Amino acid sequence: MPLVSVVMPVHNSASTVGAAVRSVLAQTYGDVEVLITDDASTDDSWSLLMELAQQDERVLPQAAPEQGGAGRARNLAMERARGEWIAFLDADDLWLPGKVEKQLDLGATTGAPLTYTSYYKMDAEYTGEAADFIPNGRVVRARARVDYRAMLVQDHIGCLTAMYSRKVLGTRLMPEMRRRQDYALWLSIMRDGVEARGLSEPLAVYRSGRVGSLSSNKLALVPYNWELYRQHEELSVLRSVGALAGATWASVRKSRI
């Protein structure tokens, strides 16, 4: 069975990281390692991570040498990865029990080295475990497949659902950007001709409306998307304007869920 390396950045997430880690450990597919980078937390996150590591040897926390943001924290974790697959989960989100198993099956049957799923949204105040989550109607639906051209118009891949194959793609780190590093990673993979495959079943739970979350302010994302299109993807001004309009509208629609 292939080992799955789960990448988790943590910064002052003591109130939620325990449930996030337990949602990985409770997967129906147990051959996982949880690679956690603590990004200079000032709350009780680190001591809690130490407790989780003592309880289960699959939990592997490491402190970042300095605060560098979520993208750099994820890269530090990926550099430690031993698994054939890399998966992503933030410290305040959750996975539902069959996620890893079903995505591995999807990768095996389609040959896709990049997969993703639909996911639920929950309120920021949710305090339960993944097992306590009651499915609701707030679902961000995944397309069955998506290519580079479609991804330029909209980021169809929720980071908390993404998995990519190191066996096929090698270790692909997130670009050094201020924001949207995950979106840039998917684009860099798919620019090489990779088609990603998605599962319509919601298999993760995203905490929406987080205090201080950039993604909760759709207009605040505009300059970061522009930087992504112009500097990272090197698109023309005209193509960047078109992509930006599509991405902004898609973000507004998604926020209404």
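Because the structure is predicted, anything quoted here is derived from the model rather than measured.
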Nearest 0.5 Å please: distance from the CG atom of Leu96 over to the OG atom of Ser23.
8.0 Å
side-chain contact (heavy atoms from CB on, under 4.5 Å) against Thr28, all qualifying residues, sequence neighbours excluded
Pro97, Glu101
Would you call Asp39 and Val10 a side-chain contact if the rule is heavy atoms closer than 4.5 Å?
no
side-chain contact (heavy atoms from CB on, under 4.5 Å) against Gln55, all qualifying residues, sequence neighbours excluded
Glu51, Leu52
Between Glu33 (side chain only) and Arg82 (backbone N and O only), is there a donor and an acceptor less than 3.5 Å apart?
yes
Only counting residues at least two apart or in another chain, list the ones meeting side chain to side chain donor-acceptor pair (under 3.5 Å) with Ser13.
none
Listed partners of Arg145 passing salt bridge (charged side-chain N to carboxylate O under 4.0 Å, His left out), at least two apart
Glu195
Check whether Thr161 reaches the backbone of Gly158 with its side chain - one donor and one acceptor, N or O, closer than 3.5 Å.
yes
Separation between CD (Glu84) and OG (Ser165), nearest 0.5 Å, reads 7.0 Å
Return the set of residues passing side chain to side chain donor-acceptor pair (under 3.5 Å) with Asp123 (not counting sequence neighbours), or none when no residue passes.
Arg138
May I ask you to test the Leu60-Val34 pair for a side-chain heavy-atom distance under 4.5 Å?
no
Which residues share a side-chain contact (heavy atoms from CB on, under 4.5 Å) with Ala14, sequence neighbours left out
Asp43, Asp44, Ser45
If the condition is ring pair (Phe, Tyr, Trp, His ring centres under 6.0 Å), which residues does Tyr120 pass it with, not counting sequence neighbours?
Phe133
State the CZ-OG1 distance between Arg166 and Thr171, to the nearest 0.5 angstrom.
3.5 Å
Going by side chain to side chain donor-acceptor pair (under 3.5 Å), name the residues that satisfy it together with Asp192, two or more places apart in sequence or in a different chain.
Arg172
Is a donor on one side and an acceptor on the other found under 3.5 Å between the side chain of Tyr126 and the backbone of Glu129?
yes
Tell me if the CZ atom of Arg72 is crowded by more than 12 foreign heavy atoms within 6.0 Å.
no
Taking C-beta and beyond as the side chain, do Thr117 and Glu201 meet within less than 4.5 Å on heavy atoms?
no
Exam field: side chain Asn75 to backbone Met174, donor-acceptor pair closer than 3.5 Å:
yes
Salt bridge or not between Asp90 and Arg74? Use side-chain N to carboxylate O under 4.0 Å.
yes
Test side chain to side chain donor-acceptor pair (under 3.5 Å) applied to Ser118 - qualifying residues, sequence neighbours left out:
none
Starting from Leu76 and following side-chain heavy-atom contacts under 4.5 Å between hydrophobic residues (I, L, V, M, F, W, Y), which residues can be reached?
none
Could you give the distance from OH (Tyr183) to CD1 (Ile157), rounded to the nearest 0.5 Å?
10.0 Å
Would you list the pairs meeting ring pair (Phe, Tyr, Trp, His ring centres under 6.0 Å) in which at least one residue belongs to residues 86-106, sequence neighbours left out?
Phe88-Trp186
Applying salt bridge (charged side-chain N to carboxylate O under 4.0 Å, His left out) to Asp56 and not counting sequence neighbours gives Arg58
How long is the straight-line distance from CD of Gln103 back to CD of Gln27, given to the nearest 0.5 Å?
9.5 Å
From Leu185 atom CG to Leu187 atom CG, the distance as rounded to the nearest 0.5 Å:
9.0 Å
